[in-house]
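I have placed the structure first, in the form of structure tokens, so that the comments after it can refer back to it.
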Amino acid sequence: MSKFTKPEKIVVNDLVLKPIPVSQDYAQQIYDAFHEDEPSFRFWMENGIYKTVQEVLNAYKTKYTDEENWEYAMYGIFNKDELLGEIGLSGIDIKNNTAEIGYWLKKSARSKGIIDRLIPVIEKLGFDTFNLRKITIWCDTENIASRKHAEKNGYVLEGVQRERKLWPDGSIHSTAMFGKLKTEWKKG
Ligand SMILES: CC(C)(COP(=O)(O)OP(=O)(O)OC[C@H]1O[C@@H](n2cnc3c(N)ncnc32)[C@H](O)[C@@H]1OP(=O)(O)O)[C@@H](O)C(=O)NCCC(=O)NCCS
């Protein structure tokens, strides 16, 4: 895959996907969202969630502003100016034409079908715009909400890596690996 220009923003009815501005205000919002529901965010950051707002700022600096960094095509999910969460592709492998979908939502934005609406949008970005061959969703076997998204959106369970992760709290976790090939993708 050659390097494509990442779309600046993607509008999906009332939702806008666009980079999260690297600012104290948005870093605080991300920090607050993660700390409001720490247990569920361990699935997103298994090595421990951000301890300070500055840590958020440092992490998001490279994620959204480094044009040369092709590992990420992540977007903030906005409703007007309200940041609801984040979705996009990470681990973009331009040699093998593969990437992984990742997402999170703050608590008040959950159970509204937002991720199910946006997965097809991110698939279009991956399969169409970036011409990926395969998109994966890897999730902790205990992350039921995420597993359900993979299953509902037609991802094939390719296997479970047993006892793959040792979390800082000493617990051991297995990872379910789901995948969808471009040949299996139905354009919306
Ligand atoms: C993953 C995440 C975005 C899902 O939020 P959401 O898209 O609003 O999903 P929902 O809360 O509607 O849950 C999806 C489904 O799982 C079900 N579900 C969620 N938690 C569940 C649980 N503990 N037990 C049983 N079912 C559960 C919901 O009932 C829903 O079922 P339905 O589709 O049949 O209605 C959100 O939980 C989150 O941000 N988690 C932290 C980050 C994360 O884990 N990211 C993914 C990493 S792989």
Side-chain angles (χ1 to χ4, degrees), residues 10 12-20 26-51 55-56 59-60 63-64 71-79 82-93 98-126 132 134-169 171-180 188:
I10 304 172
V12 189
N13 302 319
D14 55 323
L15 302 175
V16 179
L17 306 187
K18 60 182 183 183
I20 301 175
Y26 281 111
Q28 182 72 52
Q29 289 188 41
I30 295 166
Y31 178 91
D32 291 344
F34 280 40
H35 283 268
E36 185 187 27
D37 184 17
E38 289 187 26
S40 78
F41 278 102
R42 290 208 195 105
F43 291 129
W44 176 260
M45 296 182 71
E46 61 217 22
N47 291 322
I49 64 174
Y50 302 112
K51 290 192 187 65
E55 260 188 43
V56 182
Y60 278 74
K63 207 170 181 180
Y64 282 103
E71 194 185 335
Y72 291 113
M74 294 297 292
Y75 294 91
I77 305 168
F78 289 86
N79 182 324
E82 187 188 357
L83 176 65
L84 305 180
E86 200 177 2
I87 192 166
L89 298 167
S90 65
I92 300 174
D93 179 338
T98 59
E100 179 182 352
I101 294 188
Y103 37 74
W104 64 263
L105 289 174
K106 67 179 182 182
K107 222 173 163 188
S108 60
R110 293 186 194 165
S111 304
K112 294 178 177 170
I114 291 175
I115 298 299
D116 280 331
R117 274 171 67 197
L118 294 180
I119 285 178
V121 175
I122 299 302
E123 287 178 344
K124 187 166 162 37
L125 175 73
L132 296 178
K134 178 173 185 174
I135 294 178
T136 57
I137 297 178
W138 284 34
C139 56
D140 193 290
T141 51
E142 290 170 34
N143 192 347
I144 297 169
S146 194
R147 285 191 73 144
K148 277 203 157 186
H149 286 314
E151 287 160 2
K152 255 181 95 177
N153 285 280
Y155 284 71
V156 174
L157 178 63
E158 298 178 336
V160 172
Q161 282 202 0
R162 295 174 304 156
E163 298 200 3
R164 176 169 168 260
K165 294 281 181 180
L166 176 61
W167 286 10
D169 66 3
S171 59
I172 296 169
H173 292 254
S174 301
T175 304
M177 303 176 301
F178 291 89
K180 186 184 277 190

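Remember, it's 1-based here, ligands and their atoms both numbered in the order they're listed. Note: hydrogens, waters and symmetry copies are ignored here, and every other heavy atom, side chains too, is used.
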Next on the checklist: Could you check whether any side-chain heavy atom of Tyr103 comes within less than 4.5 Å of a side-chain heavy atom of Ile77, counting everything from C-beta outward?
Outcome noted: no
Please tabulate, one line per pair, the protein N or O atoms found under 3.5 Å from any N or O atom of ligand 1, giving the distance to one decimal.
residue, atom, partner, partner atom, Å
ligand 1, 7 (O), His149, NE2, 2.6
ligand 1, 8 (O), Ser111, N, 2.7
ligand 1, 9 (O), His149, NE2, 3.4
ligand 1, 11 (O), Ser111, OG, 3.3
ligand 1, 31 (O), Lys148, NZ, 3.4
ligand 1, 33 (O), Lys152, NZ, 2.8
ligand 1, 34 (O), Lys148, NZ, 3.2
ligand 1, 39 (O), Leu105, N, 2.9
ligand 1, 39 (O), Leu105, O, 3.3
ligand 1, 39 (O), Arg110, NH2, 3.4
ligand 1, 44 (O), Asn143, ND2, 2.8
ligand 1, 45 (N), Tyr103, O, 2.7

Checklist entry - Do Glu123 and Lys180 come within less than 4.5 Å of each other through their side chains, counting heavy atoms only? => result yes
Checklist outcome for this item: Applying side chain to side chain contact (heavy atoms under 4.5 Å, CB included) to Asp14 and not counting sequence neighbours gives Asn79, Arg117
Checklist entry - Who pairs with Thr136 by side chain to side chain contact (heavy atoms under 4.5 Å, CB included), at least two apart in sequence or on another chain? => result Glu100, Lys134, Trp138
Can you give each donor-acceptor pair under 3.5 Å made by side-chain atoms of residues 32-40, sequence neighbours left out, with the distance rounded to 0.1 Å?
residue, atom, partner, partner atom, Å
Asp32, OD1, Gln28, NE2, 3.1
His35, ND1, Glu38, OE2, 3.2
His35, NE2, Tyr50, O, 2.6
Asp37, OD2, Ser40, OG, 2.6
Asp37, OD2, Arg110, NH1, 2.7
Ser40, OG, Asp37, O, 3.3
Ser40, OG, Arg110, NH1, 3.2
Ser40, OG, Arg110, NH2, 3.2

Item to check | Side-chain heavy atoms of Ile122 within contact of Ile135, under 4.5 Å | outcome: no
